[in-house]
Amino acid sequence: MVTRKFAALATAVVVVACAAWVYAGRSGPSATGTPRPGPDVGRLSARLPFYPLRHAPSDRRWRIDQAVRKLTITCMAAHGYRYTPAAVPRPTAATVDHPLPFGLESLATATATPEPGASEQQKSKAFLVALYGPTDRRISARGKLIKVSVPATGCQAEAKKRLLGSQRRQWLQVTIDLGEGEQQARKNLDKDPAFRAANARWARCALAAGVETDDPVHLLNSLPRDTDFATSPVAKVDVRCKSDTDYLRTAYTRLAVAQQAWLDAHPAVLTTWRSLMERQDSVARGVLG
């Protein structure tokens, strides 16, 4: 049984408490018909302005993560601990993934790949203090929606301080700002006339197949958590109607416009992100040799 890939659907998909679709007719939804070949959604997603800022794997991100790993291992050794976190995989075409801001894009939904974990068993409070510092020593940043705090001391914090210097709080802040900006752009998209028209076309197609709902995200959030998309008639209607109405091409194209509008309205966020990424990469190159 294939379950929903909630991690990948987190961007702009808000879980609703009640069912958002109903069967229109006693026979239930019809899944007949073969979907037409759709657009290359991976390429459409990669064209989103936020994709390289928040989601795209890159050699630069890999070098930064590798440098943090190396510095943390060295620091822990200086405290008398053998710390062996999982290796940072180098990005390849196989590791490329993208958020799904419009729900299902196909019926082939594998479960999310688990994040690699550290092989070092955390043996004592002293080990944790050496790695993360005292729990009451934190640096924090606040966005409009959330507040995030991270260790201010400890080997992991020292490694990041090596890359960022006195700008760790600024990096935390710009990371929050970009995350909230991506969410806001998705919300703004709901007001876009072309996107609203695409939702209306998709909804008419779904209704003709026996499913009544407002849009694909509401439909997805109404399905049981253990839904097997490959066999679900409702999921098949969703994917087929997206293909028949060219929904995803319109949705991603208009989302790109909404994201660029947010970035244009917040130029300092992008400038800060670029500056701090370049700084981290420059230091990481020196650490890795």
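No side-chain N or O of Asp244 forms a donor-acceptor pair with one of Trp202 less than 3.5 Å apart.
For the pairing with Asp238, the side chain to side chain donor-acceptor pair (under 3.5 Å) check across Arg240, Lys242, Lys236 returns one residue only, Lys242. Of the listed residues (His55, Arg43, Glu105), just one forms a side chain to side chain donor-acceptor pair (under 3.5 Å) with His98, and that residue is Glu105.
Residues that satisfy the salt bridge (charged side-chain N to carboxylate O under 4.0 Å, His left out) test with Arg63, not counting sequence neighbours, are Asp281. Arg61 pairs by the salt bridge (charged side-chain N to carboxylate O under 4.0 Å, His left out) definition with nothing, not counting sequence neighbours. Contacts of Asp65 classified as salt bridge (charged side-chain N to carboxylate O under 4.0 Å, His left out), with partners at least two apart in sequence or in another chain: none. Under the rule for a salt bridge (charged side-chain N to carboxylate O under 4.0 Å, His left out), Asp136 has no partner lying at least two apart in sequence or in another chain.
Both Leu220 and Leu107 belong to a single network of hydrophobic side chains, linked directly or stepwise wherever heavy atoms of I, L, V, M, F, W or Y lie under 4.5 Å apart. Connection of Tyr247 to Val41 is established within a shared hydrophobic cluster, with ILVMFWY side chains joined at heavy-atom distances below 4.5 Å, either directly or through further cluster members. Under a hydrophobic-cluster definition in which Ile, Leu, Val, Met, Phe, Trp and Tyr are linked whenever side-chain heavy atoms come within less than 4.5 Å, directly or via other members, Ile73 and Leu128 are assigned to the same cluster. Both Ile139 and Val148 belong to a common hydrophobic cluster when Ile, Leu, Val, Met, Phe, Trp and Tyr are linked at side-chain heavy-atom distances under 4.5 angstrom. Linking ILVMFWY side-chain heavy atoms closer than 4.5 Å, directly or via other members, places Leu178 and Ile176 in two distinct hydrophobic clusters.
Distance CG/Asp190 to CG/Asp215: 7.5 Å, rounded to 0.5 Å. Note that CG of Leu189 is 10.5 Å distant from CZ of Arg196, once rounded to the nearest 0.5 Å. Rounding to the nearest 0.5 Å gives a distance of 13.0 Å between CG of Asp246 and SG of Cys241. For the atom pair CG (Leu255) and CZ (Arg47), the distance works out to 14.0 Å, reported to the nearest 0.5 Å. To the nearest 0.5 Å, atom OG1 of residue Thr250 and atom CZ of residue Phe102 are 10.0 Å apart. Taking CG of Asp177 as the reference point, atom NZ of Lys144 lies at 9.0 Å (rounded to 0.5 Å).
Gln173 and Arg142 get closest at one heavy-atom pair: NE2-O, 3.1 Å. Across all non-hydrogen atoms, the minimal contact from Pro52 to Pro49 is CD-O, 3.4 Å. Taking every heavy atom of both residues into account, Ser140 and Lys147 meet most closely at OG-CE, 3.6 Å. Of all heavy-atom pairs between Thr72 and Val68, the closest is OG1-O, 2.7 Å. The two residues Pro216 and Asn199 have their closest heavy-atom pair at CD-OD1, 3.6 Å. Of all heavy-atom pairs spanning Pro134 and Thr153, the tightest one is CD-OG1, 3.2 Å.
Counting heavy atoms from C-beta outward, Ile146 and Glu180 have side chains that approach closer than 4.5 Å. A heavy-atom distance below 4.5 Å is found between the side chains of Val257 and Arg254.
Distance alone, capped at 3.5 Å, is enough to place a donor-acceptor pair between the Ser222 side chain and the Leu219 backbone. Under a 3.5 Å cut-off, the side chain of Ser45 and the backbone N or O of Gly42 do not form any donor-acceptor pair.
Ring centroid separation for the pair Tyr51 and Tyr252 does not come in under the 6.0 Å cut-off.
A salt bridge links Arg90 with Asp59: the closest approach of a Lys/Arg side-chain nitrogen to an acidic carboxylate oxygen falls below 4.0 angstrom.
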In a table with atom names and distances, give each donor-acceptor pair under 3.5 Å that connects a side chain of residues 156-168 to protein atoms at least two apart or in another chain.
| unit_1 | atom_1 | unit_2 | atom_2 | d |
| --- | --- | --- | --- | --- |
| Arg168 | NH1 | Ala152 | O | 3.2 |
| Arg168 | NH2 | Ala152 | O | 3.4 |

Tell me which donor-acceptor pairs under 3.5 Å the side chains of residues 259-278 have, and how far apart each pair is, sequence neighbours excluded?
| unit_1 | atom_1 | unit_2 | atom_2 | d |
| --- | --- | --- | --- | --- |
| Gln259 | OE1 | Phe50 | N | 2.9 |
| Gln260 | NE2 | Asp264 | OD1 | 2.9 |
| His266 | ND1 | Trp262 | O | 2.8 |
| Thr271 | OG1 | Pro267 | O | 3.1 |
| Thr272 | OG1 | Ala268 | O | 2.9 |

